[in-house]
Amino acid sequence: MQRLTEKAILNNIRKQLPFTAQLEDGSLTLRISEYQPHIATAIHHGHQLRTSLHRHILLTESERYYEEDPFTGDFISSQPIVFQVEDSRYEYDLNRPLADCVYQTAWGKEVWSASLPQNEIALSKAKHSRYYRILKCLISTLEAKFGLCLIYDIHAYNYQRIDKKTPTFNIGTQQLNSRHWRKSLDNLQYQLKHIKLPNLSVSVAENVVFKGMGYQASFVTKHFRNTLIMPIEIKKVYMNEMGGEHFPLVIEKLKEGMKRAINEHAATTITRFTKGRHKLVTHILSSDLPAQVVKLDKDLYSLARGINTLNYLTPKNLKQEKKRFLHNTFSYKPKFTYRQLDIDPYKFKERLYRLPVEDVLDVGIQKLYRTVIDQLAMRIELLTSIGTDKFLYNSLRYYGEPKEEDISNAKFILHASEYLPTVSTTVDATSAVISFQQSASEYGVKCKVVETKNMIARAMVCGRTIKINTNCLFNQTDLNALIHHELGVHLLTTANAEVQPLNIFRLGLPGNTHTQEGLAILCEYLSGNLPLHRLKTLALRVIAVAKMVAGESFNQCYLDLINDYTVTSDDAFTITLRAYRGGGFTKDFLYLRGLKEALHLYKQGDISSLFIGKTGFESKGLLDELIARGILKKPMYLPKALNMKNKEDPVMHFILSSI
């Protein structure tokens with residue numbers, strides 16, 4: 001981080017230049033990623049105290065954390081303008097007795113110890129003066145630009161030594177014009193109340209712990225009529241103030257909650273007082289992609305690119321073992337062999353967890369990368385255990401297992417009777433390749449379409465290549481469905497991911513498996529190419545996975561599908577193989593669940609953000625935010641099925657509405 005003089009910082013602010021810098025004496029840090037009408041401050045952040053007092057054995061650990069406001073700067077790190085004071089509230093001199101060497105730097109209150117040298121008092125006062133000159137310049141610039149400025153002044157308070165009930169968040173309003181700002185202050189309370197913390201109830205109050213009598217509030221109120229400063233004290237529920245231990249899960253939720261609360265409040269207040277058009281939450285956040293995110297993304301992609309789970313899970317001896325099994329379905333147990341893993345799992349995970357995720361300041365983006373890294377670590381453990389007893393356990397960790405609701409939905413579908421005439425399968429793989437090529441040309445997307453022998457699925461996408469199973473025949477409806485599924489979703493999201501500024505959408509977000517498959521089957525349905533037999537296949541996959549998890553043998557599952565659901569021997573083998581490969585692969589139950597979730601979201605509104613790459617349903621809110629902020633690009637290609645107007649099949653509508 002660069003160190004700048006006060007003059008240089010003031011010049012940058014007046015020119016409205018984004019920058020991150022420390023004042024040359026190291027006493028404060030200012031980060032402006034974009035000039036927006038709100039500032040977040042943490043003037044007792046205390047990072048220097050936490051790192052430097054190991055050399056100054058003057059206070060006990062509990063006293064250190066009791067006197068500081070640790071982590072308050074972290075709670076506002078997602079904001080576009082962050083002002084942190086790195087000096088602690090107390091300073092120390094090893095050459096004096098403790099009673100003489102501690103003096104408060106109370107940000108404007110002259111409470112310095114009389115025994116201290118005048119030059120030290122003058123130095124501390126100078127630091128305060130610099131801080132307020134910079135703050136005044138910043139507020140003036142924002143008021144001139146927007147007509148309004150909001151300041152979220154974040155502190156923390158101790159409560160374990162207080163023998164009374166205190167709120168999680170306390171807002172100090174005594175120095176504010178509460179009549180003028182009442183609706184805004186009520187909205188702030190509302191936003192803070194909706195922060196969820198693990199194993200903690202959340203409450204908000206005004207002027208219970210303190211009344212906002214700090215010097216910063218006095219300074220702002222005195223000098224600026226169009227600036228609302230909101231002193232917010234957070235109860236130290238995120239740490240043990242007595243011993244200093246911190247609670248990472250609570251801190252993470254506070255970071256997420258404070259980002260949402262501040263942004264929602266700022267958007268509402270700015271809209272109300274500027275009389276402008278509605279100010280979206282995403283429009284008050286930075287539109288720049290931080291360099292730390294770009295580097296992290298590049299390093300992660302370089303490490304994890306090319307790891308394709310299905311490549312390692314397709315049996316090398318599939319054809320031979322299928323022939324042997326079908327010759328003796330009662331007693332022969334298939335012995336599948338798999339491709340060797342060519343990745344050192346220990347080095348891979350070590351490198352994964354060394355990636356500097358903590359350097360990413362936006363809590364939403366940081367959390368996204370953390371979950372992707374955790375997912376990749378689990379995927380490597382899954383691949384490491386292929387063919388062993390641990391594989392099923394790792395598959396359950398990675399994909400989960402069908403719930404009672406999933407199984408009930410599957411059985412409901414399987415009770416339905418076919419109501420359309422059977423269509424003969426007359427389209428061979430060669431003709432299917434031509435149809436895929438024509439559709440790709442209509443989309444204007446470049447890809448290869450090839451026939452392949454040794455594969456389980458009828459068609460699949462690998463990168464920019466669509467593989468068609470040479471041994472399969474198709475009817476026209478099935479072929480249309482595959483085109484909308486494989487090309488219209490899997491290939492297009494691959495192409496969309498390649499033009500995004502972040503490679504993470506090529507690797508895949510958490511939950512991307514059932515999101516991709518759910519969207520793909522949704523497009524089959526919207527295009528009018530989802531017949532009942534296709535839906536029943538998805539239901540049978542749920543049943544097969546449930547049987548496998550319950551401990552049934554490969555042979556018994558195969559025979560149950562034939563006897564209970566009148567499945568052909570070829571289809572029964574494929575469905576069973578998909579569930580039992582590797583030692584127990586639970587992925588297949590997610591197709592039906594994914595369809596249910598995709599259809600639900602589609603009915604709610606725009607789902608285009610889910611097509612920017614290999615995304616996840618649970619990340620949709622963040623994706624919408626990042627697209628609105630201009631950090632991510634809108635999808636270049638969208639499935640045609642989303643805009644197709646087909647006569648709805650009333651039977652399929654009833655079935656899908658019932659699950």
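Values in this document were obtained by computation on a predicted structure and should not be read as measured data. Hydrogens, waters and symmetry mates are skipped; everything else that's a heavy atom, side chains included, is used.
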Test side chain to side chain donor-acceptor pair (under 3.5 Å) on Asn207 and Thr173; report intermediate values, then the result.
CA-CA 7 Å; Asn207 303 322; Thr173 64; 2.9 Å; yes

Residues Gln366, Asp359; criterion side chain to side chain contact (heavy atoms under 4.5 Å, CB included); working and verdict:
CA-CA 8 Å; Gln366 184 190 76; Asp359 291 347; over 6 Å; no

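- A heavy-atom distance below 4.5 Å is found between the side chains of Glu252 and Val363.
- In terms of modelled atom types and a separation under 3.5 Å, the side chain of Asp69 and the main chain of Thr72 share no donor-acceptor contact.
- The structure places CD1 of Ile43 at 12.0 Å from OG of Ser27, a figure rounded to the nearest 0.5 Å.
- Heavy atoms only, all atoms of each residue included: Phe348 and Leu303 are closest at CE1-O, 3.5 Å.
- Between Arg629 and Glu625 there is a salt bridge, since a side-chain N of the basic residue sits under 4.0 Å from a carboxylate O of the acidic one.
- The pair Glu256-Arg260 fails the salt-bridge criterion, with no side-chain N (NZ, NE, NH1 or NH2) lying under 4.0 Å from an Asp/Glu carboxylate O.
- The shortest side-chain heavy-atom distance between Pro80 and His38 falls under the 4.5 Å cut-off.
- Between the CD atom in Glu618 and the CG atom in Asn512 there is a gap of 9.0 Å [rounded to 0.5 Å].
- Residues Pro635 and Ser608 are in side-chain contact: their nearest non-hydrogen atoms beyond the backbone lie under 4.5 Å apart.
- For the 3.5 Å distance criterion, the side chains of Tyr369 and Asp374 fail to qualify, holding no donor opposite an acceptor.
- Residues Gln175 and Ser218 have side chains in contact (heavy-atom distance under 4.5 Å, counting atoms from C-beta outward).
- Rounded to the nearest 0.5 angstrom, His223 NE2 and Leu135 CG are separated by 10.5 Å.
- Rounding to the nearest 0.5 Å gives a distance of 10.0 Å between CD1 of Ile365 and CD of Gln292.
- Looking only at distances, a side-chain donor or acceptor of Ser203 sits under 3.5 Å from a matching main-chain atom of Thr168.
- Salt bridge Arg133/Glu6: present, at least one basic N to carboxylate O contact under 4.0 Å.
- The neighbour count for Arg379 CZ, taken as heavy atoms of other residues, nucleotides or ligands under 6.0 Å away, is above 12.
- A heavy-atom distance below 4.5 Å is not found between the side chains of Val293 and Ile631.
- A side-chain donor-acceptor contact under 3.5 Å links Glu241 to the backbone of Gln160.
- Using a distance-only test at 3.5 Å, with no hydrogens or angles considered, a donor-acceptor pair links the side chain of Lys633 to the main chain of Val499.
- Remark: the Asn226 side chain and the Glu143 side chain contain no N/O donor-acceptor pair separated by less than 3.5 Å.
- The closest donor-acceptor contact from the side chain of Asp297 to the backbone of Leu502 lies at 3.5 Å or more, if one exists at all.
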Take Gln189 and Ile171, measure what side chain to side chain contact (heavy atoms under 4.5 Å, CB included) needs, and give me the verdict at the end.
CA-CA 8 Å; Gln189 284 204 40; Ile171 307 171; 3.7 Å; yes

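- Residue Met636 qualifies as open at atom CE: its count of foreign heavy atoms under 6.0 Å is 12 or below.
- Scanning for ring pair (Phe, Tyr, Trp, His ring centres under 6.0 Å) contacts around Tyr190 gives His194, with sequence neighbours left out.
- A distance-only check finds no donor-acceptor pair linking the side chain of Thr221 to the backbone of Leu176 [under 3.5 Å].
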Criterion side chain to side chain contact (heavy atoms under 4.5 Å, CB included) on Ile81 and Leu142, from CA distance to verdict
CA-CA 11 Å; Ile81 303 178; Leu142 296 179; 3.9 Å; yes

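- Residues Tyr132 and Phe219 place their aromatic rings such that the two centres sit under 6.0 Å apart.
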Hey, can you pull the donor-acceptor pairs under 3.5 Å for the side chains in residues 147-157, sequence neighbours left out?
residue: Tyr152; atom: OH; partner: His265; partner atom: ND1; Å: 2.6
residue: Tyr152; atom: OH; partner: Ala266; partner atom: N; Å: 3.3
residue: Asp153; atom: OD1; partner: Thr41; partner atom: OG1; Å: 3.1
residue: Asp153; atom: OD1; partner: His155; partner atom: NE2; Å: 3.0
residue: Asp153; atom: OD1; partner: Gln216; partner atom: NE2; Å: 2.9
residue: Asp153; atom: OD2; partner: His155; partner atom: NE2; Å: 3.0
residue: Asp153; atom: OD2; partner: Gln216; partner atom: NE2; Å: 3.2
residue: Tyr157; atom: OH; partner: Thr166; partner atom: OG1; Å: 3.1
residue: Tyr157; atom: OH; partner: Pro167; partner atom: O; Å: 2.4

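- At a cut-off of 3.5 Å, with distance as the only test, a side-chain donor of Thr269 or Ser184 sits close to an acceptor on the other residue.
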Test side chain to side chain contact (heavy atoms under 4.5 Å, CB included) on Lys614 and Phe505 and set out the steps.
CA-CA 5 Å; Lys614 309 305 180 182; Phe505 301 104; 5.9 Å; no

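- Atom OG1 of Thr29 and atom CD of Gln84 lie 6.0 Å apart (nearest 0.5 Å).
- With a 6.0 Å cutoff to the six-membered ring centre and a 45° limit on the axis angle, Lys235 counts as a cation-pi contact of Tyr159.
- Judged by distance alone, with hydrogens and angles left aside, the side-chain atoms of Ser77 form a donor-acceptor pair with the main-chain N or O of Asp74 at under 3.5 Å.
- Classification of Arg3 and Asp25 as a salt-bridged pair fails, no side-chain N sitting under 4.0 Å from a carboxylate O.
- Residue Lys367 qualifies as open at atom NZ: its count of foreign heavy atoms under 6.0 Å is 12 or below.
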Thr20/Gln2 under side chain to side chain donor-acceptor pair (under 3.5 Å): CA gap, chis, key distance, verdict
CA-CA 7 Å; Thr20 299; Gln2 61 179 333; over 6 Å; no

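- Counting only heavy atoms from C-beta outward, the side chains of Gln36 and Gln79 never approach each other to under 4.5 Å.
- In this structure, Phe146 has its ring center no closer than 6.0 Å to that of Tyr35.
- Nearest heavy atoms, Ile76 versus Arg31: O-NH2, 4.4 Å.
- Within the 3.5 Å criterion, the main-chain N or O of Tyr637 finds a donor-acceptor partner in the side chain of Asn496.
- Ion pairing between a basic and an acidic side chain is recognised when a charged N comes within 4.0 Å of a carboxylate O; Lys259 and Asp362 show such pairing.
- Atom CZ of Arg182 sits in a crowded spot, with more than 12 heavy atoms from other residues, nucleotides or ligands closer than 6.0 Å.
- Using a distance-only test at 3.5 Å, with no hydrogens or angles considered, no donor-acceptor pair links the side chain of Ser302 to the main chain of Lys298.
- Of the possible donor and acceptor atoms, none in the side chain of Thr371 sits under 3.5 Å from a partner among the backbone N and O of Pro510.
- Heavy atoms of other residues, nucleotides or ligands lying less than 6.0 angstrom from NZ of Lys620 number more than 12.
- For the pair Ile307 and Ile380, the minimum side-chain heavy-atom distance is below 4.5 Å.
- Under the rule for a salt bridge (charged side-chain N to carboxylate O under 4.0 Å, His left out), Arg14 has no partner lying at least two apart in sequence or in another chain.
- Looking at Phe19 and Ile9, their side chains come closer than 4.5 Å, going by heavy atoms from C-beta outward.
- The aromatic rings of His246 and Phe71 sit tilted, their planes meeting at an angle between 30° and 60°.
- Nearest heavy atoms, Ser609 versus Thr615: O-CG2, 4.1 Å.
- In the displayed structure, Lys253 atom NZ is contacted under 6.0 Å by at most 12 heavy atoms of other residues, nucleotides or ligands.
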